[in-house]
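Here's the structure we're looking at; comments come further down.
Worth saying up front: this structure is predicted, and the values here are computed from it rather than measured. In the text below, chain A, chain B and the rest are named by the order of the sequence lines, each starting its count at 1.
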Amino acid sequence: MRVAVIVFPGSNCDRDVAEAIAQVTGKQPIMVWHRETTFFDVDLVILPGGFAYGDYLRPGAMAARSSVMRHVLDHAKAGGLVLGICNGFQVLTEIGLLPGALLPNAGMKFICKPVKLKVTRTSTPFTGSFTKGQYLDIPVAHHDGNYFAQKDELSRLEDNEQVVFRYENNPNGSINDIAGLSNVSGNVLGMMPHPERAMVHGKTRGDGYKLFNTLMEMIR
Amino acid sequence: MSDLSTPTPQQIAEHGLSDEEYESLCEQLGREPNLNELGICSVMWSEHCSYKSSRIHLAKFPTTGKRVICGPGENAGIIDIGDGDAVVFKMESHNHPSFIEPYQGAATGVGGIMRDVFTMGARPIALLNALRFGEPDNPKTRSLVAGVVAGIGGYGNCVGVPTVGGEMNFDPGYNGNILVNAMCVGLARADSIFYSAAKGVGNTILYVGARTGRDGIHGATMASAEFDDDTEEKRPRVQVGDPFTEKRLIEACLELMATGNIIAIQDMGAAGLTSSSIEMADKGGVGIEIDLDMVPQREDNMTAYEMMLSESQERMLIILKPGTETQSRQIFTKWELDVDVIGRTTDTGRLVLNHKGETVCNLPIAPLSDLAPKYDRPWKKQEPAPELNAEDLPQRDPVDALCRLMVCPDMASKRWVWEQYDRHVMNDTLADSASSCDGAIVRIHGTDKAVAISSDCTPRYVQADAYRGGKQAVAESWRNLIASGAKPIAITNCLNFGNPEKPEIMGQFVQAVEGMAKACDKLSFPVVSGNVSLYNETNGKAIPPTPTVGGVGIVKALDHVIGFGGAEVGDLLYLVGETSGWLGSSLYAREIEGLSGHMPPPVKLSVEQNNGKFVKKAIQQSLVRAVHDLSDGGLACAAADMALASDVGMVLETHDEMPNHAWLFGEDQARYLLAVPSHKLNQLQRLAYKQHVPFVFAGEVVGDDIKIGAARIKVADLRKKWEGWLVKYMENIHGNAGE
Amino acid sequence: MKAIVHVQLKPGVLDPQGQAIAGALASLGYDEVTGARQGKVIELELSGTDHALARERVEAMCGQLLANMVIEQFSVEILD
Amino acid sequence: MKAIVHVQLKPGVLDPQGQAIAGALASLGYDEVTGARQGKVIELELSGTDHALARERVEAMCGQLLANMVIEQFSVEILD
Ligand SMILES: Nc1ncnc2c1ncn2[C@@H]1O[C@H](COP(=O)(O)OP(=O)(O)O)[C@@H](O)[C@H]1O
Ligand SMILES: [Mg+2]
């Protein structure tokens, strides 16, 4: 599996996710600086967590307008895989690869804690090895994870079964408990929780590991 | 004002220099300074920059050791943790700014301490904070808590350095003067550490980072002045932090460090360009000439005075090797940071500033640094505090008392705080505020080693007896590291006191320092960095003396990491150390009996060491399932912590000869509570016997209740109360919470 | 020249900031406040003198970056 | 009634958001932008009809909650 991790000024989970990928695939992903204008040929593009451009204006807004994002759009439109984690999810909504928007948490506070996620869509390369209704332990750490979509948009994405993960106990006010969302075809996934922080669970493999591993097996 | 004019007496007074100081300055210069020079001298001679009241006492700290690479004097202390790795750390106060503007004050405190660490070549890997607020009922407290916590999180989370621990107390003594002490720990390679000495003549001085604005002018003198009701006037001097710039600055500086282009590097902290340039010149034994027209400026028409005294954040000064300018600039340009050559080193031993075609300052370096005033201020020994006799206190329901202690503001769960901190970014956090471990544990990236970190101080002890209190703060830090499975190595500290010109405050300071020094010496736990914050007073009333200790230890193998959350039903509870039932200045005395100011517990350092050695062995030989040091609230509170963390019930023993309150809540030092699996008991007992360690049966892990004699409470009910206090308090938020 | 850009949430979009403000004001005793919404004002310094052109360009900036058209709407004022 | 509250950073106070916005606009090719500052607008729905009283109350809200007087300044408009 060839993987690219996009690095924006202010990204801060880029190293963490790259190491998670390396742990699963045995291969270092390529790190792509946001000013990159040449095409990169990979299977999966990851938009990592962090505070690209300090989350100024709106989280993900400025990152979404980086030159590299044109390639990410092309890649996604050609059916390539894109995973946006936390700040990466915000970038994906800002650039329109996913519908809706991520607003400040209902409590207006940053929240860092473990959460339980229910898998609600398995027909994606990211979740193909999970079963519907299965629970995953993957932590969140964000200030703006309160997913919102207008009514008709929301019913459309529910009808299309685009919701991939829902919170068991909604930490941020997210509409319909949405924690992770895909596009219709399932090749683009945005999620607020950080799978790269769930690589181990005690002495065994964590659910983040399982997610990345699923991805690798699907592609192989 | 004309910056080149000779200052008026009023201007001299406004700059906080005493008449004698001004005279001595003129004598050293051989003339009167102009206004620019006065501004520069006054910040350099301020308490904050010159440590004029504290220097002679700080010299009492032991600062060397087998593992010490760099002790106090540089931006941060450095210890060797083996395999070519080094850990760089320091703690610093941002008390005054945080009281004025809690969000920005705390945020810039975090930013400032990180710069002290990465300027030495280390990548910051952990942040902690020690916070002291006024009493919860004070109308300002709630919004100060909200603002400070949001500011700490807002900055650290954005930069992407985990905030892994800290402490938070409430006391009316901090009503008008809160304490915000931030600590940063960084990781470097021992063979690529960067210092601030500007060696060599004719080398380029590079300015990098944010532009200079008019913010924070006089911050250093403000930090050295008491508060009064006119504090409002000083408000516009607060600085706004920009964590996004800090993040890029870290990456760019580390990238530049890897090139080998740097001769010296220094962050611009208090007194900005002034103190950074003077310190670099002084350490390198050179002069410095700066062309102020080249300084990146945020605002129009800035004067020399403003540029030199600005405390705009996120700026660094770098001395480059000749010929590396272009490559160095490119790195900062890539990170979209301002960068410019602003001057060069000279052989004159002077600080020369040119602005708009004029020389606006020409001062010899030495009077500003080495020859700055140094005082042996008069100090008064504290009267010995009275002893508190446990027998004189009434008998009470022990479980009821336990509940009241666990729910008091100092003991109640701080979840509301630490859930706002990203504790896991960088993926190396093994134990944080949520983890029920006496120290925070952060793995050395890519290895099977870790550092343990703890921040500690018990101000009520220091208040009653500064010498004992100073000793105790160091001992508790050491004990916390032991109890988390680490070998304690060294400390940093932040000494928060009132006005040193008062002999009784100076007395607190001197005795606390002597107590700390004694403990550091005996425990082989040297001081490698620190910070002093004096004049923490409002309307003449000083804060409780608060010498915060930030301890760092090494965990050699990750399976040595232990906490107090692992106790299982069937385990036996054993108490390590001797219990006399010492209640003077205890949490019990304060919360239950409303008594304070009695003699705090003695700190016997050889006992501390011996007991610690035993506990370390017990951990390394896997003889225990959970370990907790005993501190506030003694045995009963440590047991309750363990019960809550392990989600188990406990039956606690009572004592035949001692009243319950003494046995359960006494705060004798050098003690630990262990949860021992029954099949390991024999082995552990033998070890205790061999090491001459008091090892006393204290109870059993059983059921769902905490039970003492006939009294009991469900652990689940205790949890609700313990978790509930701060949330309920903060949900009532009124007033301005910052951003 | 100067441009003042107002960015507001579209009607119907959840406004957690506004809600938090309304809640806090109520708990401070300002019972007359029956609702609050929070928006942004962005002030741009612009070179040039052509107002019509400036407006056109600033509206483009809004569409491209300053507002998120999924949830926000904007208005532009050009001043000297 | 309605109150429109504008909250802005005081002159001279660093505005990291504004700086980042100006930078982003420049890199999108909007070279005419020479500076940007970001502020807030808070719209309050108010019961009652007395404008003078409303203004007084809203100014109190600003001092107490809506603006951070250490680094911000505000202005209030009352509308029907
Ligand atoms: N201000 C704070 N920031 C982060 N963590 C905190 C803070 N205050 C308390 N904590 C965390 O809460 C836990 C309990 O704190 P405390 O009672 O002070 O510990 P102890 O007395 O055992 O050293 C610790 O893990 C500590 O790191
Ligand atoms: Mg402890």
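Within the 4.5 angstrom heavy-atom criterion, only side-chain atoms of Glu336(B), from C-beta onward, approach chain A. The contact between Val159(B) and chain A is made entirely by backbone atoms, counting heavy-atom distances below 4.5 Å. When heavy atoms are compared at a cutoff of 4.5 Å, Arg423(B) approaches chain A by way of both its backbone and its side chain. For a residue to count as touching a neighbouring chain, one of its non-hydrogen atoms must lie under 4.5 Å from one of that chain's; by this rule Arg197(A) touches chain B with backbone and side chain alike. Of the two parts of Asp242(B), the backbone and the side chain both hold a non-hydrogen atom closer than 4.5 Å to a non-hydrogen atom of chain A.
When each of Arg15(A), Lys113(A), Met199(A) is checked for heavy-atom pairs under 4.5 Å with chain B, Arg15(A) comes out on top.
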Run Asp144(A) and Gln90(A) through side-chain contact (heavy atoms from CB on, under 4.5 Å) and show every step you take. CA-CA 8 Å; Asp144(A) 298 72; Gln90(A) 294 160 342; 3.5 Å; yes

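Both tests hold for Arg142(B) against Tyr729(B): distance to the six-membered ring centre under 6.0 Å, angle to the ring axis within 45°.
By the 6.0 Å contact criterion, CZ on Arg189(B) is enclosed, its count of non-hydrogen atoms from other residues, nucleotides or ligands being greater than 12. Residue Lys334(B) places its NZ atom among more than 12 non-hydrogen atoms of other residues, nucleotides or ligands, all under 6.0 Å distant.
Side-chain rings of Tyr53(A) and Phe244(B) approach one another, their centers coming within less than 6.0 Å.
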